[in-house]
Amino acid sequence: MTQFKYLIIGGGVAGTTAAETIKQNDPSGSIAIVSDEPHVFYSRIMLSKPIFFLEKIPFEQVYLKNETWYKERNIAFLGGKTAVGMNAEEKTVSLDDGAVLQYEKLLLAIGGYPRKWDPQKIQGSDKKGVCYLRTLEDAKKIIEGVKTAKSAVCVGGGFVSFEACELLRMKNIDTTLLIMEPHYWANVWDETSGLIVEEYLRQGGVNVLKNEEVEKVFGADRVESVRTKSGKDIPCQMVVVGIGLTFPVGPFKDCMDCGHGIKTNEYLETNALDVWAAGDAVEFYDVAVGESVQLGNWVNAQVQGRVAGLNMLGKKQPFRMVSFYTTQGFGLSIAFVGDIRPLPDRTVITRGSRESKSYGRLILKDKELVGATLLNRTPEMAPISKLIEKDVDLSAHHAELADPNFDLKMLILS
Amino acid sequence: MANQREYPRAKEGSNIGKIVVDRDLCIGAASCVAVSPATFELDGENKAVAIGPNAADDETVKMAAQSCPTKAILLFDKDGKQIYP
């Protein structure tokens, strides 16, 4: 059995940032990162971006650390191995190659995985050409696929599909987008926001079909077409599926509180002794809203990695941040700020309109702003973050918030 | 790459003379904004701009640059020598 002072499961941004933070403060403490991918830390967020996909930059630029970085810091990188079990009493994690690792302190930064189609339910969905996007290997498959594909189908209304549609269109591939819901991202925001995104997609040449799902995938070895629920047959050589995430909590769920993800308090501590969690798979207690929150984005995982690292070092530091996620495509800028969940106790104030193609939704809980979704209004991200951070009482300012020309910075000063 | 925007830094005692944002590389992940909102903001194209090149100390500016998932932020010393990445 190998022993480590610090054991980190997950080699993505949360796990790597935690290791870096720990090593800065405890250079002699032994540490290992277990990753189910063979690669050293790379920029997962870049995988869906045109500059990478269209090979406008050298492929190598996707790597954010090299092997020397791990060696110099004496961080053991155990790549291509998956954690399959945990014993909280003996403080061990077992791996798929039979190894058992003992820890003093454990960080679970296990990330999210694309939800996959079940070939039992959607016949043919295991054919070549059906793509998901998480790993470098996934990205390589798509990079190769777009070189020869004439037409493609994207499935799902979220960030992945939006970005996938853009890169397919940049390659002049006939693109059809299938959305199960009545409008784009219906579970996240309102109809107006959904319709604006759809307008941009259509202008960019994407055939958007709503209330539609894939029923069957046809082809010999590779996909040749899909049939939708309503009976449409769409020829395609590629299908890009972005229908949500799952979190591999299985090996750990008997040792700690898990829901959808791993539950932690505001210090990113789980209820198992000396075990922390960070990144997409964490349901942390958010002091800002007084609720358990799960966020899946790069910057959140990065900051959580840092905070979890500090807490593993014994510095008691709560995680509190206003998180961001942005994307851009077809000439449209999308930005999410803070907590955007459409919960029943939230009040939503909209600013802008579908006609002006500039539309924001400010999400309030009680008197305070907790989040926002912005279409072509990214510069408002900065004042909105400050209003959230400073817990500004906005109860007397609803009219200003609804005025698209009102400068939100004014409310910070008052 | 051509599409770079330069922000001279004149902070006293600083070893960083210039911050450069490569707008072709920037994907608007906003990790720099999370580290140093006084230095960086996103503009209308979801690209990072240095709104306060003198606002933060060297350590914070370095951390902001290092946090970028596409290495789109370049730092130069007072002699014009690139110090990151």
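We name chains A, B, ... by the order of the sequence lines, and we start the count at 1 in each one.
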Using only atom types and a distance under 3.5 Å, with no angle test, would you say the side chain of T326(A) pairs donor to acceptor with the backbone of N46(B)? no
Donor-acceptor contact present, side-chain Q302(A) to main-chain S31(B), <3.5 Å: no
I need the [X] [atom1] to [Y] [atom2] distance, nearest 0.5 Å.
X       : Y      : atom1 : atom2 : result
I27(B)  : F52(A) : CD1   : CZ    : 11.5 Å
R306(A) : M63(B) : CZ    : CE    : 3.5 Å
K56(A)  : L25(B) : NZ    : CG    : 11.5 Å
D24(B)  : I57(A) : CG    : CD1   : 10.0 Å

Please check if the number of heavy atoms outside K78(B) that lie under 6.0 Å from its NZ is greater than 12. yes
Count the heavy atoms belonging to other residues, nucleotides or ligands that lie under 6.0 Å from NZ of K390(A), then report whether that count exceeds 12. no
Can you name the nearest heavy-atom pair linking [X] to [Y], along with the distance?
X       : Y      : result
P69(B)  : I45(A) : CB-CG2, 3.5 Å
K71(B)  : L64(A) : NZ-O, 3.7 Å
F324(A) : A30(B) : CD1-CB, 3.7 Å

Only pairs of heavy atoms separated by less than 4.5 Å count here; which of L332(A), N297(A), V62(A), V299(A) has the most with chain B? V299(A)
Side-chain contact, heavy-atom cut-off 4.5 Å: Q61(A) with T70(B)? no
Contacting moiety of Y63(A), where chain B heavy atoms sit under 4.5 Å: backbone
Pick one of side chain, backbone, both or neither for T327(A), based on which atoms fall under 4.5 Å of a heavy atom in chain B. backbone
Honestly, the part of V49(B) sitting under 4.5 Å from a heavy atom of chain A is neither
Heavy-atom pairs under 4.5 Å with chain A: which of G44(B), P37(B), C68(B) has the most? G44(B)
